[in-house]
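The basis for the numbers below is simple: all heavy atoms, side chains too, and nothing from hydrogens, waters or symmetry mates. Below, read A as the first sequence line, B as the second, and so on, with proteins coming before strands; counting in each chain starts at 1.
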There are 2 protein chains.
Amino acid sequence: MKVTSYQKYRKILVAVDCIIFGFDGSQVQALLIKRRFEPEKGKWSLMGGFVGEKENAEEAATRVLRQLTGIKNIYMEQLATFSDVNRDSAGRVISIAYFALINIEDYDHKLQREHEAKWFLLSRLPPLIFDHKEMVMKAKERLREKVVAHPVGFELLPAKFTLPQLQSLYEAIYNAPLDKRNFTKKILSLGVLKKLDEKERQSSRKGAFLYVFDSRKDQKMQADGVKFI
Amino acid sequence: MKVTSYQKYRKILVAVDCIIFGFDGSQVQALLIKRRFEPEKGKWSLMGGFVGEKENAEEAATRVLRQLTGIKNIYMEQLATFSDVNRDSAGRVISIAYFALINIEDYDHKLQREHEAKWFLLSRLPPLIFDHKEMVMKAKERLREKVVAHPVGFELLPAKFTLPQLQSLYEAIYNAPLDKRNFTKKILSLGVLKKLDEKERQSSRKGAFLYVFDSRKDQKMQADGVKFI
DNA sequence: TCAAAAGTGTTCTAGATACACCCATGT
DNA sequence: ACATGGGTGTATCTAGAACACTTTTGA
């Protein structure tokens, strides 16, 4: 039985916008699309959508992410809600922003073409519509904070990766160089990596050993509250 | 000129809810009210309200906080948005939760009576309506994270406070005892406290020196990224 | 004079930092 | 043979943790 005490209040359009980060081996990038409808049609924008009647914001964001990337199990978390009265030039819309981390390799390139999507270096973002730039900046900040205490960085890498790749990722996130020996020592001491008997040989003659993330060990560590890098 | 491309989407009621933390000298508490309208009238609830046409969520939360506490400059930040389809039994409402820290002394007791508000120990919360319990738990977690790197704890204390009071606050937030000597050493080494020539004598015969928070020093420290406790 | 809380220093330990050379391989 | 990136160990420094006694004063 519905009660009616809320009837006098004005409803508002509710959207989600997704900040999608990827890592190309040396830089962190964000995935943007060319907006296909008015207002601001043709401008660069985050991928977004409206929250439907029968879904919560997380479901809406998951749907939007799958539409764009084709990936089902994506690392995603709520960032913040943006609600300024005039943030959208076409009317009152609040937007719940989510940030997501994906492995660029998993990304479906057909979908990329379909959506006119493009990866941009965080340091070279094009002008974005509305408050989307602010969203990206906030997401970048959150990623940095997050990475200190949680192993989210691995989401950005392929399943098998080398220590130099992992180090580059952390250097890109912190925007600062790290000492190779100290990095190796610390990351291995966490005990969440499993060394494979296999080498990656694209990037050097000697080749670098591949590792995989061992999520069982990670769970134990999360419980103990260990810090990453 | 308004464009109309959003017309086909369904609008949603948007509310804010405020988790208000206070500190009574030994325990962290949350301020709750008895809900005065249906549904769930008479049950314990967070203080909330709807986001109006001409305000953003932060303005709405500030308004709600002032209504309840009478305090104007309140420490507040956005926590998260809760959007489950059936979270409110009276219809689809999403809620943007804010958490706020106040000094219990600043609190206007007339308003407290007016709203049938009451402080509850975090360890002894009554049953709460909807998803408000989840909101409080998330806020508690955020407070703990926050306090590590930012001097937000001071918001919970009166302007003049003693080191033992400050220590009790941190012990309450961490829910763990701290060593008095290590605590004193560290907090003073931060250089954000100014010792007064005045003693507080309620809680001991010897009396404890009062301190004030020196925000100029704090700003410098924030820039340098120092950690609290 | 004693009960109750405030105040105060030193030692030990673990984690972070700084730092330089050899290795494996393709060309 | 050499250029390129991969891999490895040690010494130092710093921050955090552990730990106990003296001081003040009102009752």
What is the distance from NZ of B/K186 to P of C/dG7, rounded to the nearest Å? 20 Å
Could you go over nucleotides 9-13 of chain D and give all protein N or O partners under 3.5 Å, atom names and distances?
residue	atom	partner	partner atom	Å
D/dT10	O4	A/K185	NZ	2.9

Distance in angstrom units between A/F209 CZ and D/dG7 C1', rounded: 10 Å
When the distance from CD of B/Q165 to P of C/dA5 is rounded to whole Å, what number comes out? 14 Å
Do NZ/NE/NH1/NH2 and the carboxylate oxygens of B/R87 and B/D131 come within less than 4.0 Å? yes
Would you classify A/S203 as touching base, sugar-phosphate or nothing, given that sugar-phosphate means primed atoms plus P, OP1 and OP2, and contacts are heavy atoms under 4.0 Å? sugar-phosphate
A/S83 side chain vs B/A57 backbone, donor-acceptor pair below 3.5 Å: yes
For atom CZ of B/R205 and atom P of C/dT1, their distance in whole Å: 16 Å
Give a yes or no on this: more than 12 heavy atoms of other residues, nucleotides or ligands lie within 6.0 Å of atom NZ of B/K138. no
Nearest whole Å is fine: how far is D/dT4 P from A/E200 CD? 18 Å
Does a salt bridge link A/E40 with A/K43, judged by any charged N lying under 4.0 Å from a carboxylate O? yes
Rounded to whole angstrom units, what separation is found between the CD1 atom of A/I187 and the C1' atom of C/dA16? 15 Å
Spacing of A/F183 atom CZ relative to C/dA18 atom P, expressed in whole Å: 16 Å
When the distance from NZ of B/K206 to C1' of D/dT24 is rounded to whole Å, what number comes out? 5 Å
Output yes when A/K146 and A/E77 qualify as a salt bridge under the 4.0 Å nitrogen-oxygen rule, no when they do not. yes
Neighbour count above 12 (heavy atom, 6.0 Å) for B/E58 CD: no
Of the listed D/dG7, D/dA20, D/dA3, the closest approach to the B/K180 side chain comes from D/dA20
